[in-house]
Every structure is written in C-alpha cells, then in structure tokens.
2 protein chains.
Amino acid sequence: MLREEILRSAEALLVETGTEDALTLRAVAARVAVTTPSVYRHFADKDALVEAVCLRVWDELGARMSESAAAVEDPWRALGRCGRVYAHFALDYPIQYRLLMMRPTAGRLPTASTACFGYVVDAVTACTNSGILRGDPEILTVGLWSALHGLVSLLITQPDFPWPDDLDALIEHTVRMAGFGSALACRLPRDNNANSAEFAAELDTLADRLTIVKP
Amino acid sequence: MLREEILRSAEALLVETGTEDALTLRAVAARVAVTTPSVYRHFADKDALVEAVCLRVWDELGARMSESAAAVEDPWRALGRCGRVYAHFALDYPIQYRLLMMRPTAGRLPTASTACFGYVVDAVTACTNSGILRGDPEILTVGLWSALHGLVSLLITQPDFPWPDDLDALIEHTVRMAGFGSALACRLPRDNNANSAEFAAELDTLADRLTIVKP
DNA sequence: TGTACATCAGTGAACGCGCGTTCACTGATGTAC
DNA sequence: TGTACATCAGTGAACGCGCGTTCACTGATGTAC
C-alpha cells in the first residue's frame, strides 16, 4: 500500500518537476510524508524504484497500443493507429517517455519493452501477411519505430527548436512518410542508375493512378 | 592552450568511460594534470565547459554533412548521403551524440545545431526545386531527421536490444524508407477510402514500372 | 643593462550540499496458548 | 478472556562520498623606466 503510494509519488515528482533529476529517494519519501529509509522496506535500492516506475509506464503504453490496434480491422490502418498512439503517448508523458527510452545504459526491462515492441511486430506481420508490406517484420518495425521515436524524442528534448505550430500535422506527416516509405522501399530494387528527375516524373504519373488507404 | 587541452580531455573522458556522468570538473582537471580550480580560468562554470564540448561536436558533424552533400551532383542522392553521414557520425561518436541530442533541457546552442539543420534544409530544398520532393522543406526535413535520429538514438540507448547484425543494412533501410516515404507522401491525398489490399496491388504493378534512383 | 612592477595562469585548502545507504531502535499488529 | 511473544513497517540519527565552487595565495612572465 505504501509501495503503491511511493510509485505514484515518484511519477508525480517527475511530472511536476519535469526532470528525472528530481527523482531522489529523499524527495519521494518526503512527498509520501515518510522517512527516507522506509522506502527500503519496499524497494531494494534506488535502481529498483526507478525500474518499477518504468515498468508501469511500459505497461500503460503497451495497453494503449494493443487496444488501439485491435479496434481496427484493416492491418494497414491498424499499424498507422499504433504509430499515432505511440506519438501521442510520448507527448502526453514526456518525462516518463524520456525515462523509458533515453536513459544512459543497459541491461534493463527486457520483458516489458520487448512486449511493446512485440505488439508492433505483430501489427507489421499482419501487414506482410496481407501483402501491403514485404520483408522481415522486425526490420520493418525498427524502421517505423525509428521514425516515430525520432520525432517525439526530438520534440521532447529540443523544446526550443522552432517547431511548426501544428504538431498533429507533423505526426501525421511522419506516420505517412514511414508507412508509405516502408511499402515502397520493400518493392524497389536497392541499386540502379536512373536519375532523380526520371524518378520524380514516374512518381508523379503513378501517384495520379493510385487509390490509397491512409496508413 | 590549456583550454584546448581541457576540451580534448573532456571528450576523451566521455569516450573512455562511455557516460556523460564521468564528465566532472575534477576528472577533467586531473586528466590534464592540473588542479580543479584552474579550469575556471578558461570556463565560467561547468555548463560553459559542456557547452564548449558540444560546440566542437556540432562543428564536426556540420562539416561532414556539408562536405559529403557537396560531393554529389544529384540533389536526391546528396540528400541520401546526408542521411548516411549523419547516422554513421552518431554511431562513431555515440556518447558525444548523446550529449548533443539527448540532454534534458533547453535554451542552448542555437547557432551550431540550427546550422546543421540548415544544411539538411538546403539539401531538401534542392530536392523540392528539382521536383522530386514537394511541400514545406522544413517539415520534410523534420521527417527525415526524425527517422535517422530515431534509428541511431535507439541503437545508442538500447544496446541490449536484439538488433540485427548488419547495422549498415538497417541504416540503408531507414534512409530508403524516409526518402521514398517523403517522396510518396507528398504526392498522395491525405484522406480516401480505398482499402489496403487495393493499395498493395497498385503499388505492386507500379513498382514494376519504376526506374528508381537510390536516395 | 638592470631594476621595479603589473599581470594573470595555476595552486592548495576548504566550503556547503544533497545524495544513497546503514544501523539499532520503536511501537503497533496479530497470533498462540 | 487475558497474557506473552513474534513480526515487521516505519523511525531518527548518522555515515561517507563526490560534487561544483570560493578564496587568498604564489610564482613565472613580460613590460616600463
């Protein structure tokens, strides 16, 4: 029960201060109105506390993604929804996201994070099964994940950058870029010698003929 | 002269220890074989030191990108080279990259980092001028940047993830995904009601006709 | 050429701080007889 | 029903540590007369 309170306070501290530096045992304990050593009754040490905080965040993210993906029939659309949910989750909980994805080192949280990754791999596999994507689902997933993670982590860590006003449009653009790019890249040969003007002209005529489903 | 030595030692410390936590005034001073307060003769405080270290890294990255982009005629290929150079720079200097791009807060380094961003915007603008890309170059740049930054920052911060062996292939896939995706996304309507099976079939027939230049 | 002086990079000792962690303890709770 | 006891969450005080930073200082260097 106190354990729950400690975890909630730790998250609240992150949110209120906006930095993980504020996540100290002393601050957490003070916030629960308890002495510092009490925390050790519930967590082996500071790392254990941080790990527990992360676990909750992963769980929440995983729940949102699988829930959102399950709500749509078409695998291509479902994949797009995964991406949007992911981005919005990150922007809704920037410090937690930072804690999850940008901490210095290694060897942690294999189960929870790979579960999340697994959801996306499943969504991608559904797309390779349906024929819209081709190739190794894991590599495709890494590409998609990179695009979305890159966008939100830039937004989070570079708040002073002159971002456009409409963040949703930026997310939308990134989702479309990643989706269309994956679908096209897996269909094109890796090397050739045409020039970019020819490519542009061909893409133009092709785009006219396409009837697209929004990813 | 000592200032130079301090900066070089700071970078060496980062590289050797693999973590920015090791970048303390005491450690830097000790490495130059000088007492700690001496550092204050050359840097106002610790932040100033860190900022100076970052500046050098930005300069190096900017030099590499503009140099590499200038070496190619075709704007589309030049853009692709920018992406590859960026990714390889990050993987060559992972801790420095982390220092540049993943530090908690704000209000820093406007000139150097926006110079780098500017190089890419220029490369993208060349592509919109040539017709291979369309739309706001800054938004296009953010998308491309997101994909590459996402990939390398995942590789750097999640070393324990079961990455595929061939990292170059992963970079290649991401560059292609981002490039093709940008080119296709800017040509397709944002909303429509076709389903993904139709989309897949059309992409297939269209891909057969395409003669592509590698981005 | 020789002396007096200003400059300033580097020194050595110390400061206060917040941190994670430890230790022996207290005091309420629930169970066994 | 009443007493003795074990359990264990939470306490209070203290530890050692490394950090950024400060201060008055020293001693070599170069310049002015």
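By convention in this document, chain letters (A, B, ...) are assigned in the order of the sequence lines, proteins followed by strands, and residues within each chain are numbered from 1.
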Checklist entry - Ignoring hydrogens and geometry, is there a side-chain-to-backbone donor-acceptor pair from Thr114(A) to Phe117(A) under 3.5 Å? => result no
Checklist entry - Whole Å only: how far is the OH atom of Tyr40(A) from the C1' atom of dA13(D)? => result 15 Å
Check: protein-nucleotides 14-19 of chain C nitrogen or oxygen pairs below 3.5 Å:
{"unit_1": "dC19(C)", "atom_1": "OP1", "unit_2": "Thr24(A)", "atom_2": "OG1", "d": "3.4"}

Next on the checklist: Is it the case that the side chain of Arg64(A) and the backbone of Asp59(A) share a donor-acceptor pair, with hydrogens and angles ignored and the cut-off at 3.5 Å?
Outcome noted: no
Item to check | Side chain Arg56(A), main chain Ala52(A), donor-acceptor under 3.5 Å | outcome: no
Checklist entry - Does any N or O in the side chain of Gln158(B) come within less than 3.5 Å of the main-chain N or O of Met101(A), such that one atom is a donor and the other an acceptor? => result yes
Report all interatomic pairs (protein N or O, nucleotide N or O of nucleotides 9-12 of chain C) with separations under 3.5 Å.
{"unit_1": "dG10(C)", "atom_1": "OP2", "unit_2": "His42(B)", "atom_2": "NE2", "d": "2.7"}
{"unit_1": "dG10(C)", "atom_1": "N7", "unit_2": "Arg41(B)", "atom_2": "NE", "d": "2.9"}
{"unit_1": "dG10(C)", "atom_1": "O6", "unit_2": "Arg41(B)", "atom_2": "NH2", "d": "2.7"}
{"unit_1": "dT11(C)", "atom_1": "OP2", "unit_2": "Thr35(B)", "atom_2": "N", "d": "2.9"}
{"unit_1": "dT11(C)", "atom_1": "OP2", "unit_2": "Thr35(B)", "atom_2": "OG1", "d": "2.9"}
{"unit_1": "dT11(C)", "atom_1": "OP2", "unit_2": "Ser38(B)", "atom_2": "OG", "d": "2.8"}

Item to check | Donor on one side chain, acceptor on other, Tyr93(B) and His88(B), under 3.5 Å | outcome: no
Next on the checklist: Between Thr24(B) (side chain only) and Ala27(B) (backbone N and O only), is there a donor and an acceptor less than 3.5 Å apart?
Outcome noted: yes
Item to check | Any donor-acceptor N/O pair, Ser38(A) side chain to Thr35(A) backbone, under 3.5 Å | outcome: yes
Checklist entry - Starting at the 5' end of DNA chain C, what dot-bracket string do you get if Watson-Crick and G-U pairs under 3.5 Å are bracketed, crossing pairs use [ ], other-strand pairs use | and unpaired bases use dots? => result .||||||||||||||||||||||||||||||||
Next on the checklist: Using whole Å, what does the distance between atom C1' of nucleotide dG20(C) and atom CG of Leu49(A) come to?
Outcome noted: 12 Å
Item to check | Arg176(B) side chain vs Cys186(A) backbone, donor-acceptor pair below 3.5 Å | outcome: no
Next on the checklist: Between Tyr119(B) and Tyr86(B), do the side chains contain a donor N or O and an acceptor N or O under 3.5 Å apart?
Outcome noted: no
Item to check | N/O donor-acceptor pair under 3.5 Å between Thr128(B) side chain and Thr125(B) backbone | outcome: yes
